[in-house]
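All values below come from the heavy atoms of this structure, side chains included, with hydrogens, waters and symmetry mates left out. If you read the sequence from its start, that first residue is 1, and numbering goes on from there. When a ligand or atom number is given, it counts from 1 through the structure's own listing order.
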Amino acid sequence: MSMSKHMAEDLATFMDGVERRNPGEPEFHQAVHEVAMDIIPYIADKPIYKELKILERMTEPDRIVSFRVVWQDDNGDIRVNRGYRVQQNNAIGPYKGGIRFHPTVTQSVLKFLAFEQVFKNSLTGLPMGGGKGGADFNPKGKSDLEVMRFCQAFMTELAKHIGPDTDVPAGDIGVGAREVGYMFGQYKRLVNRFEGVLTGKALEFGGSRIRTEATGYGAVYMMQDMLSHHGETIDGKVCVVSGSGNVATYCAEKLIQLGAKVVTLSDSSGFVHDPEGFTQEKLNWVMDLKNKRRGRIEEYTREFGGSYHEGQEPWGVPCDLAFPCATQNEIDGEEARTLIKNGCRGISEGANMPTTPEAIKVIQDHPGLLHAPSKAANAGGVAVSGLEMSQNSLRLQWSREEVDERLRGIIRGIHDQCVEFGTTAEGHVDYFRGANIAGFNKVASAMLAYGVM
Ligand code: NAP
């Protein structure tokens, strides 16, 4: 499906409208453009979607709530942050998507994440709409009690807008088990009901087995499926992973279990290169460093050797497979060229939108490089969140094996949809196009069924 002049004009007109209605929101424009590039040619011969302005409606969030979060730090000083919840689209289920606490959080970032979440959740096959939330709060360097007071203040307002059949948030950058615990406790206290309003909960109070691992594992399962579709396996492959948080560490864990050699991890200050490869023991140490001691990745080299590269990203380290698992726009055009030059065979996006538009273009010009977009590759996290919601409704907890098997099946289903909708005339699979079209179809059909609203 190449883009004709007419379609290119339609895309430009559509994007002009999006940019005019959403000024100063570059991340949101980028996420919409990434989808519209595939959907506008796809609906060119389906006038009903165009006439009923489905894509225009999908880019307008159902609502955005923005609120003041006031809390007191350990010195007794009053702090003021801004919290948000973007409820993007609930055509196929309650809003669902994580909460991010990071100083770089803006409405634009959360709108990009919420928009992408709609397609991702649709791809899982589970009944979940899309949303995202967060605050410009920086958990780094804060005491446990400060984080608790912030989470309680944040939830005091958010609780008015969420519920198990309305909107079910989860974790994201800066929001892990500790923060979910504080927020769930406050919600429960406010509404006086024990209900599955957040996912990513600890096992003791309604969490699902494999939820912590799911996003990282899923990114690896997606790579496994892409390679196997092309007659290859992960075993023996050299892998570069960025980040050292939840997604990165469990991505590395699954790679090691499957016989790959993981040689890097990073944080926002730099990356470590361990040419010997990370082992499970070394990874356990990193998880403890990050989750309990809240330390920096550079400490790794003092314990295990290897080298630390301050202020750099790991994409220059030669690899067979790359797993960006830190944050948005972490691979630019130049870095994509470096990966290709070094013979990289596949990229699976653990983070959301980690490749810039230029990088995507560079990669698309090299169809030999398999590239799974975040909405497909990291859908494992929200998929197991969906399974956590099911378990909460059933008041049951499934075994590790059962959840992992369901996760494996969901990722396989996503891969199949990418192949179905993304196989090009030349016979290679455009995973971006496949994921965009498959994610769009289900939501668009539901919106059509509801009539004009
Ligand atoms: P996390 O546990 O907070 O870890 C984030 C990691 O990325 C940390 O190593 C962090 O380093 C690094 N990082 C964050 N911001 C950065 C920046 N601006 N530049 C460079 N490095 C940065 O978060 P996570 O849950 O693993 O999330 C990572 C990515 O996966 C995000 O894109 C998120 O949206 C996506 N994702 C997560 C889930 C999930 O289930 N958790 C699901 C789907 C997608 P510092 O410690 O230095 O900040």
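A distance-only check finds a donor-acceptor pair linking the side chain of D267 to the backbone of I297 [under 3.5 Å]. Not one N or O on the side chain of Q87 forms a donor-acceptor pair closer than 3.5 Å with the backbone of K96. Judged by distance alone, with hydrogens and angles left aside, the side-chain atoms of E157 form no donor-acceptor pair with the main-chain N or O of A153 at under 3.5 Å. The closest donor-acceptor contact from the side chain of S266 to the backbone of G243 lies under 3.5 Å. A donor-acceptor pair is defined here as one N or O able to donate and one able to accept, closer than 3.5 Å; no such pair exists between the side chain of E303 and the backbone of Y300.
Distances from ligand 1 to the non-hydrogen atoms of T104 include no value under 4.0 Å. Ligand 1 lies nowhere less than 4.0 angstrom from a heavy atom belonging to Q328. The shortest separation from a heavy atom of K140 to ligand 1 is under 4.0 Å, placing the residue in contact. Taking a 4.0 Å cut-off on heavy atoms, R211 registers as neighbouring ligand 1. Using a 4.0 Å cutoff on heavy atoms, S266 counts as a contact of ligand 1.
At a 3.5 angstrom cut-off on N or O pairs, D267 does not count as close to ligand 1. Taking distance alone, with nitrogen or oxygen atoms compared against 3.5 Å, G174 approaches ligand 1 more closely than that limit. Of the polar atoms of K120, none of the N or O atoms is found under 3.5 Å from an N or O of ligand 1, judged by distance alone. When only interatomic distances are considered, the shortest N/O to N/O separation between N378 and ligand 1 does not fall below 3.5 Å. Of the N or O atoms in S269, none lie within a sub-3.5 Å distance of an N or O in ligand 1.
Using a 4.0 Å cut-off between heavy atoms, K290 contacts ligand 1 through its side chain alone, with no backbone atom that close. With a 4.0 Å cut-off on non-hydrogen atoms, V247 touches ligand 1 through its backbone as well as its side chain. Of the heavy atoms in S374, none comes closer than 4.0 Å to ligand 1.
Those atoms of ligand 1 with a heavy atom of R100 less than 4.0 angstrom away are 31 (C), 32 (O), 33 (C), 34 (O). Residue R296 has at least one heavy-atom neighbour below 4.0 Å for each of these atoms of ligand 1: 45 (P), 46 (O), 47 (O). Here is the list of ligand 1 atoms found below 4.0 Å of a heavy atom in A351: 29 (C), 30 (O), 32 (O), 35 (C).
In this structure, atom 9 (O) of ligand 1 lies nearest to the protein heavy atom S244 N, 2.9 Å. In terms of protein heavy-atom proximity, atom 28 (C) of ligand 1 is closest to A326 O, 3.2 Å.
Shown here for Q397 and L203, the closest heavy-atom pair between the two residues is NE2-O, 2.8 Å.
Residues satisfying the ring pair (Phe, Tyr, Trp, His ring centres under 6.0 Å) test with F67, not counting sequence neighbours, are F154.
A cation-pi arrangement is absent between R209 and W398 under the rule of less than 6.0 angstrom and at most 45 degrees off the ring axis.
Between Y221 and Y217, the ring-plane angle classifies as perpendicular under the 30° and 60° cut-offs. Ring geometry, W285 versus F304: the interplanar angle exceeds 60°, so the pair is classed perpendicular (tilted spans 30 to 60°).
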